[in-house]
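In what follows, a single structure is set out as structure tokens and then discussed.
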Amino acid sequence: MKLGLLSAILGEMPFEKMVDFAGELKLECVEVACWPVGRAERRYAGVSHIDVEHLTEDRARYLLEYCEKRGVAISALAYYPNILEPELEKRNRYIRHLLKVIDAAAMLNVNTVTSFIGRIPDKTVDENLSEMEKVWKPILEYAADKKVRIAIENCPMLFTEDEWPGGQNLMTSPSNWRKIFQILDYDNLGLNYDPSHFVWQQIDYIRPLYEFKDKIFHVHFKDIKLYPDKLRDVGIMSLPLEYMAPKIPGLGDVDWSRYVSALTDIGYNGYACIEIEDKAFEDSLENAQNAVRLSTRYLRNFIA
């Protein structure tokens with residue numbers, strides 16, 4: 001496996017400084033945040049280390065050469081909106097930008113884009129599956145023509161009142177994965193596997209690795225801490241942040257030795273990117289960098 005970093009936590013740094021920092025830590029890759037420039041619609045959404053709207057062949061060549069000189073690969077281009085956004089003007093804007101990210105991935109010879117399937121929060125799973133089929137088939141065919149894979153993260157995006165009750169991403173459970181992969185039967189659709197989201201959903205985060213091993217295109221290393229006394233007080237029908245919190249790897253409830261062991265069992269040797277969403281480290285760029293340093297040091301116990 002190649003250990004790396006999702007760049008969103010270092011949004012204050014330009015691309016070059018971000019890559020330099022990854023190289024100093026001897027990280028092998030970066031998953032590069034590619035949101036539209038200047039449009040921060042939620043936490044971390046708005047970081048744009050590569051401006052895909054204005055990417056040229058010369059700029060792409062420069063970025064790749066810069067990374068190569070520092071021994072840091074680009075694992076994927078990251079853009080995580082709600083592609084099934086019910087407001088059609090917003091949805092179409094998100095889709096247009098996603099297509100630009102796919103174009104940029106092809107131009108950079110990066111064969112993976114990480115994203116969400118999306119969801120209309122107040123509609124049922126079946127209603128969303130029908131909408132998903134109409135929206136996503138053209139996107140996947142477009143990506144296939146560009147030889148680009150789409151790796152969907154399994155985050156429910158159910159954290160704020162406007163995302164209630166269903167969240168903004170269908171790709172939340174092995175049960176939903178089976179339905180989605182049956183409807184969207186494309187070789188270039190797979191998973192960006194994050195064990196932390198299964199912790200608070202009380203889903204086994206080890207077993208699905210074996211069933212879906214051929215669909216795992218990319219993985220995240222993020223932790224979650226569950227607070228059982230808070231859960232007993234508010235119950236599972238409350239917003240999840242009332243009883244859990246994202247943490248840096250090693251400070252939550254993910255058993256990293258079991259997780260990495262299972263990844264080695266299935267022969268996964270691709271990119272594994274640290275994702276930092278721990279509020280304890282968000283008050284300054286220096287603390288964000290410390291979060292990356294601590295996470296890297298901890299995870300080197302499992303990934304050489």
Side-chain angles (χ1 to χ4, degrees), residues 6 8-9 41-45 80-87 115-132 152-181 191-212 219-259 262 274-283 291 295:
L6 172 57
I9 191 63
E41 295 181 354
R42 67 168 195 270
R43 190 164 157 237
Y44 304 121
Y80 294 94
N82 180 4
I83 292 295
L84 299 186
E85 161 65 46
E87 287 186 38
S115 194
F116 294 142
I117 281 285
R119 177 170 177 161
I120 303 171
D122 62 353
K123 291 191 179 294
T124 67
V125 169
D126 285 345
E127 288 171 328
N128 271 282
L129 289 171
S130 176
E131 190 73 8
M132 175 201 73
I152 302 295
E153 187 183 346
N154 53 297
C155 176
M157 288 307 296
L158 176 54
F159 304 114
T160 56
E161 290 184 357
D162 62 315
E163 296 167 335
W164 192 262
Q168 294 189 347
N169 187 26
L170 275 174
M171 210 79 164
T172 57
S173 66
S175 175
N176 280 3
W177 295 352
R178 293 184 198 101
K179 296 171 186 175
I180 290 166
F181 287 136
L191 296 165
N192 183 15
Y193 197 107
D194 186 329
S196 68
H197 302 299
F198 285 162
V199 171
W200 63 268
Q201 292 183 90
Q202 301 182 53
I203 295 173
D204 185 340
Y205 56 85
I206 300 298
R207 187 173 178 179
L209 289 167
Y210 296 90
E211 180 181 350
F212 295 94
V219 301
H220 272 176
F221 284 0
K222 187 179 75 180
D223 220 334
I224 287 285
K225 186 174 181 61
L226 195 65
Y227 299 96
D229 21 342
K230 292 183 180 180
L231 178 57
R232 283 192 291 268
D233 187 46
V234 300
I236 62 171
M237 299 302 290
S238 61
L239 290 170
L241 288 173
E242 293 187 46
Y243 59 82
M244 66 79 162
K247 304 297 289 183
I248 65 172
L251 298 188
D253 295 326
V254 173
D255 185 329
W256 292 98
S257 63
R258 289 183 64 226
Y259 179 61
I274 299 162
E275 182 181 15
I276 307 292
E277 291 187 344
D278 190 331
K279 287 189 174 181
F281 295 90
E282 288 185 351
D283 58 336
S295 300

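Computed over heavy atoms, backbone and side chain alike; hydrogens, waters and symmetry mates excluded. Residue numbers start at 1 and run along the sequence shown.
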Can any side-chain N or O of Glu127 pair as donor or acceptor with the backbone N or O of Thr124 at less than 3.5 Å?
yes
Please determine which of Ile83, Asn169, Leu170, Asn192 meets the side-chain contact (heavy atoms from CB on, under 4.5 Å) test together with Ile152.
Asn169
Residue pair Phe116, Leu84: steps toward the side chain to side chain contact (heavy atoms under 4.5 Å, CB included) verdict
CA-CA 9 Å; Phe116 294 142; Leu84 299 186; over 6 Å; no
Does Ile224 form a side chain to side chain contact (heavy atoms under 4.5 Å, CB included) with Val254? I'd like the steps, not just the answer.
CA-CA 7 Å; Ile224 287 285; Val254 173; 5.6 Å; no
Arg178 CZ: over 12 foreign heavy atoms closer than 6.0 Å
yes
Check Lys179 against Val125 and note the closest heavy-atom contact, atom names and distance.
NZ-CG1, 4.5 Å
So which heavy atom on Met244 is nearest to which on Tyr227, and how close?
CA-CD1, 3.9 Å
Measure up the Tyr193 and Trp177 rings against each other and bin them: parallel (under 30°), tilted (30 to 60°), perpendicular (over 60°).
perpendicular
Heavy-atom closest contact (Leu251 atom, Asp223 atom, distance)
N-OD2, 3.6 Å
Apply side chain to side chain contact (heavy atoms under 4.5 Å, CB included) to Phe281 and Ile9, showing your working.
CA-CA 10 Å; Phe281 295 90; Ile9 191 63; over 6 Å; no
Please find the pair of heavy atoms, one from Phe198 and one from Ser173, that lie closest to each other, and give the distance.
CE2-CA, 4.3 Å
Note: Lys222 and Glu275 closest approach over all heavy atoms is CG-O, 3.4 Å
For the student: nearest non-hydrogen atoms of Asp278 and Ile248, plus distance:
OD2-N, 3.1 Å
Any side-chain heavy atom of Ser295 sitting closer than 4.5 Å to one from Phe221?
no
Please test Thr160 against Leu239 for side chain to side chain contact (heavy atoms under 4.5 Å, CB included), starting from the C-alpha separation and ending with a verdict.
CA-CA 7 Å; Thr160 56; Leu239 290 170; 5.8 Å; no
Is there side-chain contact between Leu191 and Met171, with at least one heavy-atom pair below 4.5 Å?
yes
Could you tell me whether the side chain of Glu211 and the main chain of Arg207 form a donor-acceptor pair under 3.5 Å?
no
Could you tell me whether the side chain of Tyr205 and the main chain of Asp255 form a donor-acceptor pair under 3.5 Å?
yes
Name the orientation class of the two ring planes belonging to His220 and Tyr80 (parallel below 30°, tilted from 30 to 60°, perpendicular beyond 60°).
tilted
